[in-house]
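What follows is one structure encoded as structure tokens, with my remarks underneath.
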Amino acid sequence: MYLVTSDEMRCFDHDTIHRFGVPAIVLMDHAGRAIAERVRELCPEKVVVLCGKGMNGGDGWVAARWLRYAGIEVEVLSSCDPAALQGDARTAHEAAARFGVPWRIYEPGSIHQSLAGFGRSRRDRAVLIDALLGTGVSRPAEGVVAQMIEEANASSAYIVSADLPSGVDASTGEVPGPAILAHETIAMAAEKLGTAVTPGAIHAGRVRVADVGIPVDPARVQASYVSPAAFGRRFGFRSAMSHKGTFGKVGIALGQMPGASRLASLAALRAGAGLVVVAGARAEASLFAPDIVVREGSDPAQLLQDVDAVVVGPGLGLLGREARTWLYDLVRAGVARGVIDAEALAAVAHGGQFDPVAGEFVLTPHPKEAARMLGWDARQVQARRLEAARTIAARSQAVTLLKGHRTIIAHPDGRVRVNPTGSSALAVAGTGDVLAGVIGALLAQGLDAFDAASLGAWLHGLAGERAGEELTEVAVTASDVIARLPDAVRAYRAEVDGSE
Ligand SMILES: NC(=O)C1=CN([C@@H]2O[C@H](COP(=O)(O)OP(=O)(O)OC[C@H]3O[C@@H](n4cnc5c(N)ncnc54)[C@H](O)[C@@H]3O)[C@@H](O)[C@H]2O)[C@H](O)CC1
Ligand SMILES: [K+]
């Protein structure tokens with residue numbers, strides 16, 4: 001499913017209004033009605049609508065009119081004197097007022113006052129509609145709107161946001177100032193990219209997309225959720241004629257912690273690799289036998305020249321610094337596909353200095369590693385995840401997978417995918433090694449770096465979800481995630497078969 005930025009949405013709005021001739025007020029009525037229909041399903045005893053002064057506010061006035069029409073007790077608190085409203089927002093206000101919707105201009109305490117009588121025990125019987133700011137946000141929420149956001153969040157009422165939670169940047173998911181913490185969001189025409197990535201995703205709650213009659217052209221959208229339909233039968237389905245060579249050979253460079261390489265190698269097998277080879281100085285065969293081939297020697301690059309994809313990073317430890325040489329040697333020897341993870345990432349970038357590596361490589365930093373690569377701090381990476389992932393991808397010229405809740409996969413050409421699977425069960429040592437092995441296996445099976453990183457994140461996240469469901473998120477180990485990769489493959493097949 002695609003994810004649109006403010007600019008992309010504006011283009012589609014514009015086409016609908018000016019190319020197809022659908023008046024904007026009609027679109028606004030569809031939007032407001034969609035919000036009202038959803039809120040009615042919540043059977044509230046009272047609805048308070050917070051309206052800003054732009055078109056998002058217009059959606060709110062329309063929703064209030066439809067709720068009044070359905071006989072539901074509703075009132076509007078406006079961030080400004082409606083006399084200052086322009087265009088369709090003004091029209092929407094006037095229609096609501098004439099329809100008898102009670103409204104007043106917000107003053108500090110108005111929200112608390114409007115919800116009086118809905119004490120904690122009955123707070124969910126009241127719904128707040130957040131129609132303060134939408135895709136027109138141009139700076140951190142300020143003034144009266146910021147006050148309304150803070151008071152709404154403190155109200156502990158059930159909050160439904162129009163289009164996106166006010167104060168969240170629709171295109172990046174950044175939250176530069178006060179922002180609504182919604183229980184759910186009704187996105188108009190398409191989900192905004194800013195509610196798919198964190199921290200915006202946390203503010204949005206559950207996102208539902210309302211069809212308001214604005215066609216969205218996927219060819220003009222750069223971002224989407226990872227979805228099995230994008231990969232079809234290029235993974236997960238086998239012909240009777242296939243043999244282990246069909247599914248490629250993954251080579252894993254051994255480092256100081258061979259246990260991490262073991263996790264990556266077992267994961268690669270569970271993700272369909274035909275053969276897995278580990279190579280390096282400390283190749284304790286007993287750790288890997290019998291399913292994994294062990295090659296002992298001081299130069300992994302020398303030992304891995306016959307593989308289809310390499311995984312360099314898990315368990316490297318201090319050998320990370322040598323990874324640069326290994327990578328050069330491997331690329332020179334024609335092994336130009338692989339995963340660069342953990343300490344090996346320093347071979348590609350450090351402190352904002354990038355040394356791009358040619359070929360189909362996937363970088364898999366977690367936020368701290370991304371911060372080291374960029375010369376930022378980890379907090380900045382987490383606040384500006386999309387920018388961080390896209391910057392590393394553009395400057396390293398490699399597909400970059402930024403781990404974390406709603407993992408981001410960024411292509412050097414600007415395309416972005418957001419992984420919807422995963423859970424806190426993955427917050428345990430070794431799951432990064434597992435992910436590196438899974439992606440290595442998908443590269444060895446012929447997927448390109450963008451697809452291998454995206455599908456790898458999807459499978460890995462789903463396996464983590466399944467492990468968390470069975471064992472509780474608290475008690476999952478990296479090996480448990482590997483053990484549930486078959487469940488993820490089954491789910492993948494079901495989705496692909498279901499979508500064909
Ligand atoms: N365009 C369409 O056909 C449809 C749009 N829909 C809704 O419209 C909003 C986008 O509306 P827009 O007027 O462009 O912007 P906003 O309403 O989001 O807000 C702009 C409004 O708020 C003021 N403002 C901006 N930033 C701040 C800030 N940081 N603090 C305080 N105030 C701020 C600004 O001055 C403007 O007045 C879209 O999200 C949809 O909800 C319809 O849904 C469908 C048709
Ligand atoms: K909003």
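Every heavy atom of this structure was used, including side-chain atoms; hydrogens, water molecules and symmetry mates were not. As the structure lists them, so they are numbered: ligands from 1, and atoms in each ligand from 1.
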Pair Glu41 + Arg38, salt bridge at N-O below 4.0 Å: yes
Gly134 N/O under 3.5 Å from ligand 1 N/O: yes
Ionic contact status for Arg208 with Glu191, cut-off 4.0 Å: no
Check: Pro140 N/O within less than 3.5 Å of ligand 1 N/O: yes
More than 12 heavy atoms of other groups within 6.0 Å of Lys403 NZ: yes
For atom 2 (C) of ligand 1, the protein heavy atom that lies nearest, with its residue and separation: Asp13 OD2, 3.2 Å
Any donor-acceptor N or O pair under 3.5 Å, side chains Asn419, Thr407: no
Atom 20 (C) of ligand 1 [closest protein heavy-atom partner, distance rounded to 0.1 Å]: Gly136 O, 4.0 Å
Part of Thr135 with heavy atoms under 4.0 Å of ligand 1, whether side chain, backbone, both or neither: both
4.0 Å protein heavy-atom contact status of atom 42 (C) of ligand 1, strictly under: yes
Within 45° cone of Phe237 ring axis and under 6.0 Å: Arg493 NZ or CZ: yes
CG on Leu447 to CZ on Arg337, rounded to 0.5 Å: 8.0 Å
Sub-4.0 Å heavy-atom contact, Val212 with ligand 1: no
Ala31 neighbourhood, listing ligand 1 atoms whose heavy-atom distance to it stays under 4.0 Å: 43 (O)
Numbered atoms of ligand 1 (with element) below 4.0 Å of Ile17, judged on heavy atoms: 3 (O)
Aromatic ring pairing Trp66/Tyr69, orientation class (parallel under 30°, perpendicular over 60°, tilted between): perpendicular
Aromatic Trp376 / basic Arg384 pairing, under 6.0 angstrom, 45° off normal: yes
Contact flag Pro165/the K ion (ligand 2), N/O/S atoms, threshold under 3.4 Å: no
Contact check: Leu133 to the K ion (ligand 2), N/O/S below 3.4 Å: yes
Nearest-0.5 Å distance, OH of residue Tyr225 to CZ of residue Arg406: 4.0 Å
Heteroatom test (N, O or S) for Asn56 near the K ion (ligand 2), limit 3.4 Å: yes
Region of Leu133 that comes within reach of ligand 1 [heavy atoms, distance under 4.0 Å]: both
More than 12 heavy atoms from other groups under 6.0 Å of CD on Glu107: no
Test salt bridge (Lys or Arg N to Asp or Glu O under 4.0 Å) applied to Arg10 and Asp7, step by step: CA-CA 5 Å; Arg10 258 189 286 281; Asp7 290 345; 3.2 Å; yes
Polar contact flag, side-chain donor to acceptor under 3.5 angstrom, Thr91-Asp88: no
Shortest protein contact, atom 30 (N) of ligand 1 (heavy atom only): Glu142 N, 3.2 Å
N, O or S from Asp130 under 3.4 Å to the K ion (ligand 2): yes
Under 3.5 Å side-chain donor-acceptor pair for Glu151 and Tyr106: yes
Donor + acceptor pair across side chains of Ser171, Ser6 (<3.5 Å): yes
Within-shell test, Gly143 vs ligand 1, heavy atom, strictly < 4.0 Å: no
Which residue and heavy atom of the protein sit nearest atom 35 (O) of ligand 1, plus the separation: Lys53 CE, 3.7 Å
Contact (N/O only, under 3.5 Å) between Met55 and ligand 1: yes
Closest protein heavy atom to atom 38 (C) of ligand 1, given as residue, atom name and distance to 0.1 Å: Asp163 OD2, 3.3 Å
Heavy-atom nearest neighbour in the protein, as seen from atom 29 (N) of ligand 1, with distance rounded to 0.1 Å: Arg139 O, 2.8 Å
Leu132 near the K ion (ligand 2) via N/O/S, less than 3.4 Å: no
Residue, atom name and distance, where the atom is the protein heavy atom closest to atom 9 (C) of ligand 1: Asn56 N, 3.6 Å
Within-cut-off N or O pair, Met188 and ligand 1, under 3.5 Å: no
N, O or S from Ser166 under 3.4 Å to the K ion (ligand 2): yes
Geometric N/O contact Asp59 with ligand 1, under 3.5 angstrom: yes
Numbered atoms and elements of ligand 1 in range of Leu27, under 4.0 angstrom, heavy atoms: 3 (O), 45 (C)
Euclidean distance, Leu164 CG relative to Asp169 CG, rounded to 0.5 Å: 8.5 Å
